[in-house]
Participant: 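First the structure, which I've put down as structure tokens, then a few questions once you've had a look.
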Number of protein chains: 2
Amino acid sequence: MESPAQPRRVTIVDVARHAQVSTTAVSKVLRNAYGTSPKMRAKVRQAIAELGYRPFAAARGMRGQTYTIGVMLPDIRNPFFPEILDGLTEALDETDYQVLMGPGCNGEAAEARVTEAMIDRGMDGLVLIAPVSPRSHLEQVARTVPTVVVGRHGQSAVYDTVSDDDIAGAALVVDHLVGLGHRRIAHIEHAETDPARMVEMPNALRAEGFRRSMRAHSLEGEAEIVSTTYTQEGGYRGTQQLLTRADRPTAVFAGADIVAMGVLEALDEARVSVPGDISVVGYDNTTFAAFGPISLTSVDQAGRHIGTEAARLLLGRLADRGKPSAQVKLSPSLVVRRTSAPPST
Amino acid sequence: MESPAQPRRVTIVDVARHAQVSTTAVSKVLRNAYGTSPKMRAKVRQAIAELGYRPFAAARGMRGQTYTIGVMLPDIRNPFFPEILDGLTEALDETDYQVLMGPGCNGEAAEARVTEAMIDRGMDGLVLIAPVSPRSHLEQVARTVPTVVVGRHGQSAVYDTVSDDDIAGAALVVDHLVGLGHRRIAHIEHAETDPARMVEMPNALRAEGFRRSMRAHSLEGEAEIVSTTYTQEGGYRGTQQLLTRADRPTAVFAGADIVAMGVLEALDEARVSVPGDISVVGYDNTTFAAFGPISLTSVDQAGRHIGTEAARLLLGRLADRGKPSAQVKLSPSLVVRRTSAPPST
DNA sequence: TTGAAAGCGCTAACAA
DNA sequence: TTGTTAGCGCTTTCAA
């Protein structure tokens, strides 16, 4: 009934024999390496096509490259990350590199496990999206394999970075809300106590940007900060806290769209109308922010562009390991939708 | 300034020397293979710990396994898939296997590219989530590497399957809506013309289940089917079509939650109230369905459980390649929320 | 129970 | 320009 056990995989030796050349020749053609005549290339390419040969990446990795780029991301559920991935895979599509992603990690231990697994599998380069591990660990990884760190500030000599100007993003939000007439504004941040991370993590910078901008408007007394986490749950709980307080804010700046979802849910449950009673602004401009019934005002980070830049930097470092590290910083913009309006009072 | 080029990776040879045993012995301990004395195991384990040795998976793959499971999924944006992944990684967490995912694929060409990339990287097993490729291609993949196909009906002798009873799921929806008093019910399906896929793809079965159930209620004349795609965009366009028709339905059954999002958006735009004017039911019970302001009635597929089952089947096949193929079918349940209510007329 | 030696498929150094 | 040869780090015979 069943088809016979498939014959053993076609190898470079089979191709060499079929094309009547050496295995070295085949290897060179595969890698577009120096020292092959057009005639030989044609012969080899034909043999590859005729035999349906595909190089075995694991074996290639023993000597050279595996042609694999590993992407680590903290949470597949956060709708901001697919944007970055789109940009990344699009830029890598025309190359020989294949992208493989680790499963969502939360916390340092999971991040270490995934990065180690990727290094052990001989990946040629890594893209770490919004990692939480201490910088020393990131640098250790980057010394082993070319690495681009996305969404984290603070430069390093050993890895490249791509990030968005979170201070400026937070200022866009405050300017917008103050411009509408709001004075009492709350911010839901991702709790951060580690001083080292205070200057590197986007969440900490958004909170800092919020503080600075409120001060610039001489509204430091009206700023209210709630520390939870960048999750829907965090937004939900943070809002519940805010609603119990005496002097209720007229606007909430959630540090991420996913947080804003929790904010909207809590407000909905408490029968507080948006933007009638309270305005809500998010960050990331995810697909769901644009979604009609939600229509969330949000800061756009150009996730796709971030992904493209990360790919460009990684390819550059793959081509030249000694190249000095680069820091790309992109500028955010504000997308105003229906969840923000002048305060009613 | 920079730390010196890190020393070459610790290999099995270093461990063997340090423990004063052969490399064979180390290899056996690593794989828990037969023929090692407790004393030797202790010695080797200690040397591994002292040197911080980690096996190089790419090299292991040349002879044996890479301890890597590849997961192919069509679309990272669909909030149903993370559930499956959670179940999968949780079940695999205690094993030596590491999960790596391909980037989202759409269409046969992209699926072929990703599965080939995974096979070329020596992955030990594959989990294909809702693949659209013809069964012959899936079987070819499965003959090369142990494979579990998730979310696709139709059994095969060479791969295991895990799926949900989509016919029953559609019936749950129709029974619920008819029970509320609805008669004129629309269904937005993912267009399917390939007859081979009509019996295998979940979308086709949900449509078939809808038809059968409407017939069972003697409402075949009241059933309205719109063919688009299982995306937010598809739900949006499908609903726009429905709204232009003369005899407007009082309820819409979207084939997936992500489709229901588009439905809600189009209804919102057209100022049609939900559930006042039209009830909406989704499928997948994603996180967003539970989200307060949306509160979508939906069919729950127990995605986490699907992932666990897939892991179990794959581990079984990894342990015994000759084992007969299994088909696991899970039963869906309906979660009633605020988007479904009796019709107003 | 243990270890010596061969070899997986490929690339890189070197020789012709 | 082309081919020969020696490994990469591991697993697997197979002999001791």
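The basis for the numbers below is simple: all heavy atoms, side chains too, and nothing from hydrogens, waters or symmetry mates. So that the names make sense, note that chain A is the first sequence line, chain B the second, and so on, each numbered from 1. Please read these numbers as outputs of a predicted model, since none were measured by experiment.
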Participant: Does B:Val21 reach a base, just sugar-phosphate, or nothing at all? Heavy atoms under 4.0 Å.
Facilitator: sugar-phosphate
Participant: Taking OP1 and OP2 of C:dT1, is either one under 4.0 Å from a side-chain nitrogen or oxygen of B:Arg41?
Facilitator: no
Participant: Among the candidates C:dG9, D:dC10, C:dT11, find the nucleotide nearest to the side-chain atoms of B:Tyr53.
Facilitator: D:dC10
Participant: Of A:Thr161, A:Leu128, A:Val162, A:Leu138, which meets side chain to side chain contact (heavy atoms under 4.5 Å, CB included) against A:Arg152?
Facilitator: A:Leu138
Participant: A:Pro38 or A:Thr23: which one's nearest nucleotide on DNA chain D is closer to the 5' end?
Facilitator: A:Pro38
Participant: Does a salt bridge link A:Arg8 with A:Asp14, judged by any charged N lying under 4.0 Å from a carboxylate O?
Facilitator: yes
Participant: Are any side-chain N or O atoms of A:Asp86 and backbone N or O atoms of A:Arg304, one a donor and one an acceptor, separated by less than 3.5 Å?
Facilitator: no
Participant: Any side-chain N or O of B:Tyr34 less than 4.0 Å from the OP1 or OP2 oxygen of D:dT11?
Facilitator: no
Participant: Any donor-acceptor pair, under 3.5 Å, between the side chain of B:Thr24 and the base of D:dT12, if you only look at N and O atoms?
Facilitator: yes
Participant: To the nearest Å, give me how far apart NZ (B:Lys43) and C1' (C:dT1) are.
Facilitator: 12 Å
Participant: With respect to the phosphate group of C:dG3, does any side-chain polar atom (N or O) of B:Ser22 fall under 4.0 Å of OP1 or OP2?
Facilitator: yes
Participant: How long is the line joining NZ of A:Lys39 and P of D:dT1, in whole Å?
Facilitator: 13 Å
Participant: Could you give the CG-to-C1' distance, from A:Leu30 to C:dT11, as a whole number of Å?
Facilitator: 10 Å
Participant: Quickly work out the B:Asn32 CG to D:dT12 P distance and round it to whole Å.
Facilitator: 13 Å
Participant: Starting at atom CD1 of A:Ile12, determine the distance to atom P of C:dC10, rounded to an integer number of angstrom.
Facilitator: 5 Å
Participant: Does A:Arg9 make a side-chain N or O approach to OP1 or OP2 of C:dC8 shorter than 4.0 Å?
Facilitator: no
Participant: Would you kindly give the CZ-to-P distance between B:Arg17 and D:dG9, to the nearest whole Å?
Facilitator: 12 Å
Participant: Considering the options A:Val328, A:Ile129, A:Leu88, A:Leu330, which one meets the side chain to side chain contact (heavy atoms under 4.5 Å, CB included) requirement together with A:Ile306?
Facilitator: A:Leu330
Participant: Can you find an N or O donor on one side and an acceptor on the other, under 3.5 Å apart, linking the side chain of B:Arg63 with the base of C:dG7?
Facilitator: yes
Participant: Looking only at the side chain of B:Lys28 (C-beta and beyond, no hydrogens), which of the listed nucleotides C:dG3, D:dG3, D:dC10 gets closest?
Facilitator: C:dG3
Participant: Is A:Arg31 touching bases, backbone alone, or none of the nucleic acid, heavy atoms closer than 4.0 Å?
Facilitator: sugar-phosphate
Participant: Can you find a side chain N or O atom of B:Ser27 that sits less than 4.0 Å from OP1 or OP2 on D:dT11?
Facilitator: yes
Participant: Roughly how many Å is it from CD in A:Gln20 to C1' in D:dT2, rounded to a whole number?
Facilitator: 15 Å
Participant: Decide side-chain contact (heavy atoms from CB on, under 4.5 Å) for A:Val44 and A:Thr36; before the verdict, give the C-alpha distance in whole Å, the side-chain angles of both, and the deciding distance to 0.1 Å.
Facilitator: CA-CA 10 Å; A:Val44 171; A:Thr36 52; over 6 Å; no
Participant: Between C1' on D:dC10 and CG on A:Asp120, what's the gap in Å once rounded to a whole number?
Facilitator: 13 Å
